[in-house]
Amino acid sequence: MSVRVAFASRSSRVGMALCAVGIVALAAAPFWGGRDDLALLSEVYAYVALASLWNLLAGYAGLVSVGQQAYVGLGAYILFAFAILAGISPLWAIPLAGIIAAGVAIPVAMLVFRLRGHYFAIGTWIVAEVFRLLAAQISVLGGGSGISLPAGLIIAIAPSRQLRDFIEYWIALALVVVILALILLLLRSRYGLALKAIRDSELAATCNGVDVMRTKFLVYIVTAAGTAMVGALIFLQRLRTSPDAAFSVNDWTAFVIFIAVIGGLGRIEGPIIGTVIFFVLRQTLADLGTFYLLMLGVVAILVMLTAPKGIWGLVVDRLGWQVFPLERRVVLDERSAARAPMAATDGR
Amino acid sequence: MNVPILALDKISKRFGAIVVADRVDLALAEGESLGIIGPNGAGKTTLFGIMSGTVPPDSGRVLYAGRDITRMPPAQRCTMGIGRSFQIPLPFGGMSVFENLVVAAAFGAGQREHDAYERCMEILDQCGLADKANRSSRSLGLLDRKRLELARALATDPAVLLLDEVAGGLTEHECQALIELLRAVRRQGVSIIWIEHVVHALVASIDRLLVLHNGAFIAEGNPQAVIRSPQVAEIYMGIEADA
Ligand SMILES: Nc1ncnc2c1ncn2[C@@H]1O[C@H](COP(=O)(O)OP(=O)(O)OP(=O)(O)O)[C@@H](O)[C@H]1O
Ligand SMILES: [Mg+2]
């Protein structure tokens with residue numbers, strides 16, 4: 001008996017086809033959208049990426065960090081430091097930000113992993129605050145009031161402002177596509193099996209041979225790297241950084257958690273849906289000022305009460321859909337045998 | 001006598017005021033099949049926790065093939081050969097039944113994923129879950145969840161198999177099938193400790209029976225003899241109707 005195993009299901013084939021069409025349409029956005037559209041879409045991509053990474057961390061590995069702004073800000077400051085102090089192109093500084101953040105995340109993980117539960121969350125937040133205070137001490141990068149990218153470096157990216165907008169837009173799209181693709185590959189790999197097992201039951205995972213601590217550690221490092229690269233890109237587009245903006249708990253953690261939770265934790269599709277909902281709410285309610293934040297709170301409470309597994313969790317429970325081919329499905333022999341006579345008539 | 005494959009050496013454990021293990025000694029010989037019975041709350045499941053590494057004992061040692069593993073983490077014990085099922089099933093609910101086994105085979109048995117597929121299906125077949133391989137494990141009923149517990153523990157390719165109440169709720173026919181399956185597992189050289197309230201199933205498949213009461217073994221030996229012993233009758237009346 002040979003066992004055939006496939007990842008794709010019918011819904012995931014449709015899903016991947018739609019994704020491909022979507023990516024092509026979005027890649028063409030400079031030709032159908034205005035400058036504002038590109039800026040908005042870039043922001044959407046950044047949030048999809050941040051929320052997907054946070055989902056990997058909290059939704060799969062159970063590491064509820066409220067300090068991921070540490071790595072957004074770190075990425076931003078690495079980019080500005082390389083550009084301003086060493087004259088390195090900001091575009092090259094993005095991957096460098098990822099590598100350095102991974103290096104920084106190792107000792108940070110060794111520190112915060114000593115803490116359990118709520119204390120872990122608080123610990124990550126304190127680390128981010130320390131990072132913010134340290135950034136404010138770097139006087140060559142503007143200290144507490146921040147700094148702008150010098151015009152020369154910006155022009156070096158591309159001579160015209162329009163072309164620069166296009167390039168930055170495409171990088172933003174490429175980054176989110178690459179991050180999602182890597183998350184998908186990770187989840188399909190051996191580590192993905194371990195992560196899903198940890199998500200579902202840490203106790204059973206550890207009793208089935210999964211090294212839970214090691215897996216969590218790796219996930220923490222990987223998400224730190226990804227988060228820093230996204231952070232670098234966000235502040236490249238803003239052309240300016242400051243400690244308060246780059247290490248904002250509100251922008252880079254509170255909104256991200258909102259997105260991941262209403263979209264659905266522990267599902268790769270969740271953060272994408274969540275980001276769409278978040279931006280629809282923001283664009284329609286932004287004029288209402290504080291009332292908008294209140295509405296976000298109301299939506300979060302409603303979703304948590306009616307669909308605790310988020311909106312995508314509801315879809316999965318009701319319809320069993322998966323957009324991304326993640327689940328190993330056994331292709332049963334009986335089925336291929338049943339198909340055989342049809343194949344014979346086809347061949348006639 | 002050879003070195004036992006698994007042994008407890010003066011293990012003690014208490015939860016607050018309740019003593020669940022009081023200087024417990026136990027030795028499982030290689031290839032042996034051992035049964036444990038005892039009233040609710042006697043401390044049976046806690047002993048499995050101590051053996052598999054999820055519950056740290058207050059004192060005493062756990063030995064695997066003579067090696068002290070008292071401080072070894074559960075995952076390492078599993079890869080080394082201690083496979084365990086949970087009394088209250090803990091399926092990986094967001095994964096299919098098949099994927100549950102792939103996790104156990106990939107990590108517990110240390111197999112490469114692709115090499116594990118065939119064995120996983122074979123085990124599912126033996127445990128009567130083959131037709132549910134692609135089902136979400138969350139959608140399984142309690143009986144199938146218990147079957148999955150057994151299947152997943154087998155997929156870790158254990159040298160010592162710890163089974164915690166896997167027969168409850170089975171029909172007579174299914175119970176026979178389970179006994180047959182465990183006999184086949186034993187023939188492959190696996191040593192077994194089986195906690196079970198369904199005494200007749202237990203007696204049919206073990207070499208030796210231990211009775212745990214208030215955190216200590218109060219009787220031990222030939223299963224038939226132990227069941228009929230006065231100590232057991234004294235502390236342990238409720239479930240005898242079963243045997
Ligand atoms: N983590 C824990 N914290 C506190 N008390 C516990 C814990 N685990 C078990 N106990 C208590 O220890 C005692 C022994 O529990 P255990 O589960 O080992 O019994 P058992 O023999 O398996 O019982 P059953 O036949 O009901 O499965 C019980 O009184 C239980 O309430
Ligand atoms: Mg028990």
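None of these values were measured; they are calculated from a predicted model. Protein chains get the first letters and strands the later ones, always in sequence-line order, with residue 1 at the start of each.
Heavy-atom neighbours of A:Leu182 CG from other residues, nucleotides or ligands within 6.0 Å: above the threshold of 12. At most 12 non-hydrogen atoms from other residues, nucleotides or ligands lie less than 6.0 angstrom from CD of B:Glu30. Around atom CZ of A:Arg214, no more than 12 heavy atoms belonging to other residues, nucleotides or ligands sit under 6.0 Å away. When the shell of 6.0 Å around OH of A:Tyr119 is examined, it contains 12 or fewer heavy atoms from other residues, nucleotides or ligands. More than 12 heavy atoms of other residues, nucleotides or ligands sit less than 6.0 Å from atom CZ of A:Phe279.
The parts of B:Tyr117 that come within reach of chain A are both its backbone and its side chain, each placing non-hydrogen atoms under 4.5 angstrom from that chain. Using a 4.5 Å cut-off between heavy atoms, B:Thr54 contacts chain A through its side chain alone, with no backbone atom that close. For A:Ile198, no part lies under 4.5 angstrom from a heavy atom of chain B. Heavy-atom distances place the side chain of B:Ala133, and not its backbone, under 4.5 Å from chain A. With a 4.5 angstrom heavy-atom cutoff, B:Arg77 does not touch chain A via any of its atoms.
Annotation for B:Asn134 and A:Arg329: closest pair OD1-CA, 3.4 Å, computed over non-hydrogen atoms. The shortest heavy-atom contact between A:Ala205 and B:Phe92 is N-CE2, 3.6 Å. When all heavy atoms of A:Cys207 and B:Phe86 are compared, the pair lying nearest together is SG-CZ, 3.7 Å.
Side-chain contact check for A:Arg328 versus B:Met95: every heavy-atom pair is 4.5 Å or farther apart. Between A:Lys196 and B:Glu99, some side-chain heavy-atom pair lies under the 4.5 Å cut-off. Taking 4.5 Å as the limit, every side-chain heavy atom of B:Pro91 sits out of range of all side-chain heavy atoms of A:Asp200. Contact check for A:Val3 versus B:Glu122: no side-chain heavy atoms found under the 4.5 Å cut-off.
Ranking B:Arg112, B:Arg84, B:Glu113 against chain A, the residue ahead of the rest is B:Glu113, based on heavy-atom pairs under 4.5 Å.
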message: Let's go through A:Val5 and B:His114 carefully: what are the C-alpha distance in whole Å and the side-chain angles of both, what is the deciding distance for side-chain contact (heavy atoms from CB on, under 4.5 Å) to 0.1 Å, and is it a yes or a no?
response: CA-CA 9 Å; A:Val5 173; B:His114 286 269; over 6 Å; no
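Checking each of A:Asn208, A:Asp211, A:Leu193, A:Thr206 against B:Phe107 for a side chain to side chain contact (heavy atoms under 4.5 Å, CB included) leaves exactly one that passes, namely A:Leu193.
Considering CD of B:Glu118 and CZ of A:Arg4, their distance stands at 13.5 Å, rounded to 0.5 Å.
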